[in-house]
Amino acid sequence: MKELLGLPVVTSKHGHDVDQMILLVHYLMLALFVGWGLYFIYVLFRFRAGKNPKADYHGTKSHVSTYVEGAVAVVEAFLLIGFAIPLWAKVVDQLPSPKESTQVRIIARQFAWTFLYAGKDGEFSKQEMRLVTPLNPMGLVADDPNGKDDIKTDNDMTVPVGKPVLGYLSSQDVIHSFKIIAMRVTQDAIPGLRIPTHFTPTQEGKYQINCAQLCGGGHASMAQGYLTVLSQPDYDQWVAKKASEGGGAAGATFE
Amino acid sequence: MQTTSAHSHAHGSDEHHENHAHHDEGGFLKKYVFSTDHKVIGVQYGITALVFLLLGFILMMLMRFQIAYPGQPIPIIGGLMAHFFGPLADKGIMSPTLYNMFGAMHGTIMVFLAIVPLAFGAFGNLVVPLQIGAPDMAFPRINMVSYQCFAAGGIVMLVSFFIPGGTAQSGWTSYSPLATSVEGHGQTFWLTGMVLLITSSLLGAVNFIATIIQLRAPGMTWMRLPFFVWAQFVTGFLLLLAFPPLEAAGLMQLADNVLGTSFFLPTGLAVGGRLADISGGGSPLLWQHLFWFLGHPEVYVLILPAIGIVSEVVANNTRKPLWGYKSMVYATLAIGFISFIVWAHHMYLTGMGTKISTFFQTTTMIISIPSVIILTCIFISLWGGAIRFNTPMLFALAFLPMFGLGGLTGLPLGFNYSDIHLHDTYYVIAHFHYVVAPGTIFGLFAGIYYWYPKVAGRMMNETLGKVHFWLSLIFMNLVFFPMFIQGMSGMLRRMSDGGAMYSTAKAAAGSIGGLSDRMIELNAFVSHAAWGLALAQIPFIINFFWSISHGKKVTSDNPWDATTLEWQTPTPPPHGNFLKTPEVVRGPYDYSLPGASKDFVPQNQNS
Amino acid sequence: MDIPYTVQPRRDTGLYNAKLGIWLFLASEVMLFGALFSSYIMLRVGADIGEWPQRLLNVPIGTVNTLVLITSSVTVVLGWAALKQNNFARYRLYQTITILCAFGFVGIKSYEYYDKFTHYQVITNDGKVFDGHLIKRDKELVVLSGFEIDASKGKAHGVMEASGHGPNHKPHKEIEIKTSDIKKIGNYGPAHNTYTAIYFTLTGLHGLHVIGGALVIGYILWPGAGMWKTDPERYTNRVEVSGLFWHFVDLVWIFLFPVLYLL
Amino acid sequence: MSDHHSHEDIEAVKRKYIIIFLALIVGTVFTVGAYFLEIHSVALTVALALFIASIKAFLVAGYFMHLMDEKKMIYGILASTVFFFIGLMGLTIWAMHDMPPTTQFH
Ligand code: HEA
Ligand code: HEA
Ligand code: CUA
Ligand SMILES: [Cu+2]
């Protein structure tokens, strides 16, 4: 059935739940559509004027329809309480502990993605929106010692496999939306807010990052960003390399 | 006033002639342009809206070319576009910016300038006063002003295409900060146009509600109202109470654009210099809340009148009463109420917490139940009928599964957890087009074929009508069904290249999760189907104009053997509608009443 | 053709058309002002600490304007009551007062607007913030009558502390600033911050309602007065309906005044 | 008008209007008085101001606009309007506050 729906590959832990949920809803839809569809065709055939010239003023007295409506309500309640609400709470409110996850600040702009890693100390530089200038589009506080070892990359988000990724999404200009299809992640990046989002990749590889929210003339081609999922040792190497390249200063200084 | 009588062209009733003559004479302008007669205004609304419907469709056909063949010049009219839009359509190639403009205007035109005026303005004006037995609307002059505001709003929107910098380009949703950060004055025009359109709708809504409450003929109790009138009544309330917040939001965004305020602009924006010295402190989400507070009730504004039309046509052509009329009325009222508290299901992915999204998805699921009830009632009404398959009925019948499909696919969007994958994909596009295109538009087509003889005195051609129906049905599905498949595979909406940049072919070698070739190929398929859909409208357009003068003349005032009051007037109804105020003695759908001499008993007749 | 119930109420609803119409219209107005009011609260709650000016407006002036509007409201009902007693002259007197009040209200509001448009805030290159009324502005020099404010607690907070209008009134002094030292200069117009933005939007829209209402009342009072002779009942209805609108405008102000001036 | 007032009725009504007018003035004076007294609890000032404003609004709507003896239909319309207004304001405020942790910058 999932193949029939045409759901694409899924490579994150919670992604399977998303697919499961989509599947269940489609079962309900299919049942209703096929059920009523068959009824519909039958009725049109059986009660055509040619065959049934005299209509019945009262119609049917059956209560089946009430049961069907009741059943729809029950199934919807079941999907809500059993799936949507608790699962949503898990992806939205119950964030993984920062210590055990790869933390990344994701900053969208027209039309590219910037990623900020906390570096060795595990602490990000402070950000204050009133400090934003074209030279300091993230509003980083320049003399914050935590920022000295931050790592900044453009369009390159690299994370280790099997470990939760905790992203903090914000935007410099207009609203964008951070979407990785295979990870079943979609989250708007809204200027003025810093919205957490998390997922646990289960498969190494390279994934295109989509921008799902209309963000201007370049929206369709905001496609240079990639998520690279590496094994832990490869990831450690990548971090070391980046830290040496950027001289640890990439985060805080822009001048 | 108990004796509301009127004179008519056909049956000039003499003693009133002198008092009322001056209403009718007064030249072409007074009669067709500045008329206060609800039927003339209805026709004005109808024609204008149909023209906009066509225009919205044309914009989309051009966009579909761009989606199917990104980067290629548009054949035939490419040169013309280059002439009008300059660098935006260089060498006849539609630029992404122009694509965004057309997209925003397609949505705006279709929703606010085509469907609402057609469903509410045109059908409401033409049919509601007749069905309740009223001589006109409660406020005829306000009715005229309402149309004029609509026309003015439409003109502002049209003009905006040709101003330097072009028209609005931030989607019909006009999210801030994008809507404020783009160059040019397109958005300012859009907002001005919207304020006019909203004013028009508000005036219309006041008028409709007052008319339905006050001008019902004697004996026309609430539960004897035709279902169509109920649908329009609830629609009126939706417009009346949901539109003002968008008007407020529109004024605020206008201030952001023109006066440099920061209602929807947060501190620390760094959009390429343009917003450098704003004060900040605003909230982009505030706009979204105010927009969708209208946006969701608006979708029921689009669907309820269509459901009303379908109900009328189904009752008439099954020759039996609507099954569960009362539950349908209560369900409609329930939809009206609940539709005000579901809006944030469009905003699940703006960073909503669990509690609030639980609230909104619960209300979203609750509102699907009355829709199910209405549809079920119409389905069951078919049971035991003597179904006539004329053109209006075919469209009405096709409406049911099409709306069903659209409505059902609203469910996976309504659960926030499945929306994570489907949000902003073509699945959403397919969902709502199934409700508005083969749904609402089919309902409206049914209404046009059904009430045409009342207005024109002639029937539309059945053969052309059936050709129009079958071709439209087939092509509609060929256009919109593939979009479900594309959406499920993750193809995003509002992509000027149809998602080509995200396809496996264009993405970095070896990357996972791109769109397969098959999805991209579907684009061209869909576009061709859309153009086919356009061809399928030719029989309709011919039929529509040809029948005005050449259609089969109606031989009775009641060609469909219907029960409701609009068929109890002369054809076409004179100014003032009824020769004598009707006295209503029964419910709206006494078809095949046992013991009656004919298979229908009009509302104002004793069997 | 005549539309039923334009004058007499319909039995089962007890209303004549125009009365129902105006109430429906007012319902939509409630949603219009309600949305702006909600926006006010949202912006206020979301404002950074110290960025939302409090007590920026001149309360005595606002109080006078409130009284003006309340007076106009009572003259409207008294005028209507006079008509009910067939006393047209008395009605005309009352409604004339109403219109004068409307003028008064708009006049005072314009003065307040003028005051805000000449009230400037200047930020210098070395980060100092000055606030006051503009006395002079030319190529070299800007002269303000006001204060330097301590911006460390937020620009708006500083204004509150130093405010010339509020309870803790401080004397103004003349400040001269070289134009070349100025980083940013702007008046307290709508663009100043979200408070002034919503202030101007709310009061501006309200002011338009006052003007619109006065025009309608004035139309009924003078050019449209002929109807009193031909159809007095309908005329009285018109007066009642325009009065309902006018009271609504008053009602909006009853909420705007404490919210904008006092909080 | 169906509810025909006799002349004496009208006199009584006019007296009522004057009393309400005075009450409105007193309300205004109280509100402003509270302001100059400088109650230091912001919440209290807000509550007081809005409380007085509500009373004033009730007087204007109830008597000047004759809502006190208006018809069912009008009540129905206004009740649903109030319901939707509360929905608009309440749900929006709620939505702005129920966001995942760390979403707000400050
Ligand atoms: C007329 C228009 C209309 C209608 C009626 C609906 C009806 C519904 N809509 Fe839709 N919707 C839109 C127009 C409409 N929508 C538009 C325009 C958008 C996109 C806006 C944008 O972003 O640009 C949208 C987007 C949209 C979203 C946001 C998606 C996203 O952006 O991620 C959601 C989410 O909850 C949603 C849900 C629903 C639901 C639950 C219903 C329910 O009311 C549906 C209830 C109906 C049923 C459940 C059907 C009952 C069927 C049967 C009983 C059996 C049928 C069987 C046969 C016929 C054989 N809609
Ligand atoms: C009521 C609303 C409505 C209607 C009816 C339609 C109708 C159609 N829409 Fe539209 N659409 C929207 C509302 C609507 N749309 C909205 C809101 C959006 C989102 C915009 C955004 O992203 O901001 C959208 C977006 C949208 C997209 C996505 C674009 C993108 O994301 O990049 C596409 C893609 O194919 C599309 C296609 C179509 C097609 C093929 C039709 C066809 O069904 C059209 C069929 C039309 C007819 C059949 C017309 C018949 C007319 C006549 C017969 C005229 C007769 C005239 C006389 C007699 C004078 N629409
Ligand atoms: Cu960024 Cu779309
Ligand atoms: Cu919706």
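In the text below, chain A, chain B and the rest are named by the order of the sequence lines, each starting its count at 1.
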Interface moiety of [X] toward chain B, non-hydrogen atoms closer than 4.5 Å:
X        : result
A:Gln203 : side chain
A:Val92  : side chain
A:Ile209 : backbone
A:Leu227 : neither
A:Thr228 : neither
A:Tyr42  : side chain
A:Gln94  : neither
A:Val43  : both
A:Ile81  : neither
A:Asp17  : both
A:Arg46  : side chain
A:Val91  : side chain

Contact winner vs chain A - [options], heavy-atom pairs under 4.5 Å:
options                                : answer
B:Lys355, B:Arg319, B:His421           : B:His421
B:Thr318, B:Ile373, B:Thr362, B:Leu515 : B:Ile373
B:Gly404, B:Gly103, B:Pro401, B:Ser496 : B:Pro401
B:Asp419, B:Thr358, B:Thr97            : B:Thr358
B:Gly351, B:Gly324, B:Gly513           : B:Gly351
B:Arg388, B:Gln361, B:His423, B:Gln169 : B:Gln361

- Verify side chain to side chain contact (heavy atoms under 4.5 Å, CB included) between B:Met501 and A:His219, making sure each step is shown before the conclusion. CA-CA 10 Å; B:Met501 287 297 276; A:His219 168 58; over 6 Å; no

Could you pull out the closest heavy-atom pair between [X] and [Y], with the gap in Å?
X        : Y        : answer
A:Met222 : B:Tyr502 : O-OH, 3.0 Å
B:Leu178 : A:Leu214 : CD2-O, 3.6 Å
A:Ile175 : B:Pro177 : CG1-CD, 4.0 Å
B:Pro96  : A:Gly217 : CB-O, 3.2 Å
B:Leu411 : A:Met29  : CD1-CG, 4.4 Å
B:Leu349 : A:Thr186 : CD2-O, 3.4 Å

[X] portion near chain A, given a 4.5 angstrom heavy-atom threshold:
X        : value
B:Leu492 : side chain
B:Leu98  : neither
B:Thr173 : neither
B:Thr425 : side chain
B:Pro284 : side chain
B:Phe359 : neither
B:Gln288 : side chain
B:Asn416 : both

[atom1]-[atom2] distance between [X] and [Y], expressed to the nearest 0.5 angstrom:
X        : Y        : atom1 : atom2 : answer
A:His26  : B:Thr409 : NE2   : OG1   : 7.5 Å
A:Ile190 : B:Leu285 : CD1   : CG    : 4.5 Å
B:Tyr348 : A:Gln187 : OH    : CD    : 14.0 Å

- Is there any salt bridge (Lys or Arg N to Asp or Glu O under 4.0 Å) pair reaching into residues 51-75 of chain A, and which pairs are they, with sequence neighbours excluded? none

Do any N or O atoms from the side chain of [X] and from the backbone of [Y] form a donor-acceptor pair under 3.5 angstrom?
X        : Y        : value
A:Lys179 : B:Gly490 : no
A:Tyr226 : B:Ala508 : yes
A:Asn52  : B:Gly385 : yes

Min side-chain heavy-atom separation [X]-[Y] under 4.5 Å:
X        : Y       : value
B:Pro321 : A:His58 : no
B:Asp590 : A:Tyr57 : yes
B:Met488 : A:Ile22 : yes

- side chain to side chain contact (heavy atoms under 4.5 Å, CB included) assessment of B:Leu375 paired with A:Trp36: CA-CA 10 Å; B:Leu375 225 72; A:Trp36 279 117; over 6 Å; no

- Message: If the test is ring-ring contact (aromatic ring centres under 6.0 Å, His included), which one of B:Trp383, B:Phe389, B:Phe379 qualifies with A:Phe47?
- Response: B:Trp383

- Query: Will you find, in the side chains of A:Asp188 and B:Thr350, an N or O donor that is under 3.5 Å from an N or O acceptor?
  - Reply: no

- Is a side-chain donor-acceptor pair under 3.5 Å present for B:Trp323 with A:Thr60? no

What option among [options] has the most heavy-atom pairs under 4.5 Å with chain B?
options                              : answer
A:Asp93, A:Ile181, A:Ile195, A:Leu87 : A:Leu87
A:Val25, A:Asp19, A:Val9             : A:Val25
A:Gly50, A:Ser62, A:Cys211           : A:Cys211
A:Leu7, A:Leu80, A:Leu24, A:Val72    : A:Leu80

- Query: Checking side chain to side chain contact (heavy atoms under 4.5 Å, CB included) for the pair B:Ile369/A:Glu76: CA distance, chi angles, key distance, verdict?
  - Reply: CA-CA 10 Å; B:Ile369 301 295; A:Glu76 285 181 357; 3.7 Å; yes

- Task: Check the pair B:Lys506, A:Gln208 against side chain to side chain contact (heavy atoms under 4.5 Å, CB included), reporting the backbone distance first and the verdict last.
- Result: CA-CA 11 Å; B:Lys506 286 268 177 70; A:Gln208 197 165 33; over 6 Å; no

- With sequence neighbours excluded, residues passing side-chain hydrogen bond (donor to acceptor under 3.5 Å, both in side chains) with B:Ser176: B:Gln253

